[in-house]
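A short worksheet on the structure shown next.
So that the names make sense, note that chain A is the first sequence line, chain B the second, and so on, each numbered from 1.
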2 protein chains.
Amino acid sequence: MKAKVTAHDVARLAEVSQSAVSRAFTPGASVAPDTRERIHTAARQLGYRPNAIARSLITRRSRIIGLVMSYLENQFYPVVIERLCQALQQDGYHVLLFISETEDADNVLKDILQYQVDGIVMASTTLSSALANDCIHAGIPVVLFNRVAQIGTLGGYSTSSVTSQNRDGGRLVGELLAGNGHRRIAWLAGAENASTSREREAGLCDALSAAGLQLHARGVGHYDFAEARRAVLAMFRDPASRPDALFCANDHMAIAALETLRTELGMRVPHDVSVVGFDNVPQAAWPSFDLTTVQQNVEQMVDATRTLLFQQIGGEVMARSVAVPCVLVERGTVRASGVARRPIQNETHETPETT
Amino acid sequence: MKAKVTAHDVARLAEVSQSAVSRAFTPGASVAPDTRERIHTAARQLGYRPNAIARSLITRRSRIIGLVMSYLENQFYPVVIERLCQALQQDGYHVLLFISETEDADNVLKDILQYQVDGIVMASTTLSSALANDCIHAGIPVVLFNRVAQIGTLGGYSTSSVTSQNRDGGRLVGELLAGNGHRRIAWLAGAENASTSREREAGLCDALSAAGLQLHARGVGHYDFAEARRAVLAMFRDPASRPDALFCANDHMAIAALETLRTELGMRVPHDVSVVGFDNVPQAAWPSFDLTTVQQNVEQMVDATRTLLFQQIGGEVMARSVAVPCVLVERGTVRASGVARRPIQNETHETPETT
DNA sequence: CTGAAAGCGCTTACAG
DNA sequence: CTGAAAGCGCTTACAG
């Protein structure tokens, strides 16, 4: 528990100036090799580590990215945190994590701004206009992850975003279901104001129209387990007009739907009804669910986020939106058509080569 | 994208000194009410926010806590992150998140130390002795979450930790299973060197001894889904000596076990074999699993972590270990004895009052 | 290659 | 209650 070791202490021991110490720890700075060696030895001896706070103050770069999340129960987000955090660590950045319910988002942002983060990734709430203004004002790059800015919210400015090609993803599912002979296709939305949900629904409807169909039923689950359950019960209340397929805006709700259909309504999946999700969370591959879904490519989404972030940190001012392709992962929750389609096991969560 | 607004800018506009501006933003500092008012107005007008980096430099308090995690696939950890992060935000602290595989833990720690965090919560790897030394050297409080320090690793120093009463938890399960008439009770360990796993196993064995039993079989799943599956297949290979109960060191592995037993071995739970987990993750309550488990009280664990952290930040030097009580949550994966025990539904993940 | 000096944006005794 | 001044631990022109 000694007093903190500073560059001055190291300088004294190595008999150089404090500037030299600083240079010895700055990649690319001009220091004689043996000087640097001497300094590093002294530093090691004293247990010196450059103070990143002091460095940030003078360089005006904190190398900290603020990551704003809301609920982590949907297993998609832990995966995102893990990947994003690791990638940014390798880039020499660090992640200051904020958990924010929609209501206090503004307070959270105030906190973030005080910490002089170099950029912000928002993977939770939609950005309020006040926040957006603050960020633009402060010149802090913001990237929306898995959502896009609502037009009009930002007073003319737009904000960069990274999403999947949600509409295409929705269309793939619509084509699969319609092509398989489903005729009473239902949609379980996330939140009505969530771009992810709206886009996926639009894609679904595109495919249905093309097949001469329209949505048979529609519910809203707010991306929540219990709410999804209620919505499913409502959609399936009338046995005479039950859907023969249910596409859910994410896997989290699709799993809730599976549970509800089986346990509470006694329905067999896919025999009585097909179910499809979106995300491809780890649980979707568990045998109990074996859920057909659309995979969001987290790897690519994270890469795009880093690229956008660094471009903006580097001075690029144009906001850009990147949409990453997604792919259908066919598992066991969709009834195969009588025709020719055989169920394809695209992916399993484990390699059973060893027993 | 204007230049950053500083206290000087505000001072100029409000016609006061820069010191006054600082005081106006320091709770409890002596400023005349109308001066403060004038300053806040000017600040609002300019969009001023105190620079937390500069403040940290001079106060030598960053109000940042480093949180070190490894894998987030086990749903217990996202829950911990969420709770801990929210609690610390309310305490005026923020969380710098590090994802660290066991190997690069030392590099991660170097990063953390440079950021002058006020404290560290380690919820992943065991602390290497080098790290521990660095932290003690630097006088940075460390709290281990859900694990305890390995004796000897720390060169005589000990490190604070927060865990559940894991041995008691293990004992509860042992008593439940033995009391229910199970006689061939197996244990699926996490990692051999993990204190959580060892303690839970010890508790189980306590109860078995008391009942005149001993462990029937034993596997190691390394807290991993695929490895747990392999271990289960190995333990159940011989139909003649199959366990009649399996206690897994956490829910994540218990779910893997359920899947494997049902899907690959065609066994019915709990008819053919009982399964118990540990943690009570959200998935444990899903109808497909309906897993009997031991609940770790995350709320209390987080509270204890904050208390320990703040005590140490406040100068307390003695390391303390807190063990929080845990409770058995009986669901549907344990066979009831012929005698009198009826299955008690302690908890469900949703309230079915509304349909 | 190296050192002296200025300064990043704050907080905090110290006078008044 | 308020201001002038020192200083937190660094980086970075600027000379030499």
Side-chain angles (χ1 to χ4, degrees), chain A residues 2-40 42-43 46-64 92 111 113-118 138-139, chain B residues 2-40 42-43 46-64 92 111 113-118 138-139:
Chain A
K2 341 184 201 174
K4 208 139 277 178
V5 180
T6 74
H8 273 107
D9 302 324
V10 177
R12 204 170 305 127
L13 182 60
E15 300 182 297
V16 292
S17 71
Q18 181 268 132
S19 324
V21 176
S22 174
R23 289 193 194 96
F25 283 91
T26 306
S30 72
V31 211
D34 56 322
T35 312
R36 156 173 279 132
E37 189 50 50
R38 198 147 37 89
I39 293 171
H40 278 151
L46 297 174
Y48 169 73
R49 302 190 185 300
N51 182 326
I53 297 280
R55 172 183 295 152
S56 299
L57 186 57
I58 194 135
T59 58
R60 285 128 159 250
R61 292 265 114 116
S62 61
R63 300 194 78 84
I64 292 178
D111 278 7
L113 293 179
Q114 294 204 351
Y115 275 97
Q116 317 298 117
V117 296
D118 291 344
Chain B
K2 340 183 201 175
K4 207 140 276 177
V5 181
T6 74
H8 273 105
D9 302 323
V10 178
R12 204 170 305 125
L13 182 60
E15 302 184 293
V16 293
S17 72
Q18 181 269 134
S19 323
V21 176
S22 173
R23 287 193 194 99
F25 283 91
T26 307
S30 71
V31 212
D34 57 322
T35 312
R36 156 172 281 133
E37 189 49 48
R38 197 147 38 90
I39 294 171
H40 277 152
L46 298 173
Y48 170 72
R49 301 191 186 299
N51 182 325
I53 297 279
R55 172 184 294 151
S56 299
L57 186 57
I58 194 136
T59 60
R60 286 127 158 248
R61 293 264 113 114
S62 62
R63 298 194 77 84
I64 292 177
D111 277 7
L113 293 179
Q114 294 203 352
Y115 275 96
Q116 317 299 117
V117 296
D118 290 345

Report task. Using the test side chain to side chain contact (heavy atoms under 4.5 Å, CB included), find all partners of B:R60 that sit at least two apart in sequence or belong to another chain. Result -> none
**Report entry** Non-hydrogen atoms of B:V16 and B:V21 that approach each other most closely
**Finding:** CG2-CG2, 4.0 Å
Report task. Using modelled atom types only, decide if a donor and an acceptor are shared between the side chain of A:H8 and the backbone of A:Q18 within a distance under 3.5 Å. Result -> no
Query raised in the report: Looking at residues at least two apart in the chain, or sitting in another chain, which of them share a side-chain hydrogen bond (donor to acceptor under 3.5 Å, both in side chains) with A:S56?
Result: none
Requested in this report: Side-chain contact test, heavy atoms from C-beta onward, threshold under 4.5 Å: evaluate it for B:N51 versus A:L57 and give yes or no.
Outcome: yes
Query raised in the report: With a 4.5 Å heavy-atom cut-off, do B:R63 and A:Y115 have their side chains touching?
Result: yes
Report summary line: Value for CZ (A:R55) from OG (A:S62), rounded to nearest 0.5 Å, stands at 12.0 Å
**Report entry** DNA chain D contacts made by residues 31-40 of chain B, counting heavy atoms under 4.0 Å
**Finding:** B:V31, B:A32, B:T35
Query raised in the report: Are any non-hydrogen side-chain atoms of A:K4 and A:Y48 less than 4.5 angstrom apart?
Result: no
Query raised in the report: How far does CD1 of A:I64 sit from CG of A:D118, to the nearest 0.5 angstrom?
Result: 8.0 Å
Query raised in the report: How would nucleotides 5-11 of chain C be written as a contact map, 5' to 3', with B for base contact, S for sugar-phosphate-only contact and - for no contact, using protein heavy atoms under 4.0 Å?
Result: B-BBBBB
**Report entry** Paired stretches of DNA chain D - 3 or more consecutive Watson-Crick or G-U pairs, each distance under 3.5 Å
**Finding:** C:1-3 with D:14-16, C:5-12 with D:5-12, C:14-16 with D:1-3
Report task. If a pair satisfies salt bridge (Lys or Arg N to Asp or Glu O under 4.0 Å) and one of its residues is in residues 11-39 of chain B, list it, with sequence neighbours excluded. Result -> B:D9-B:R12
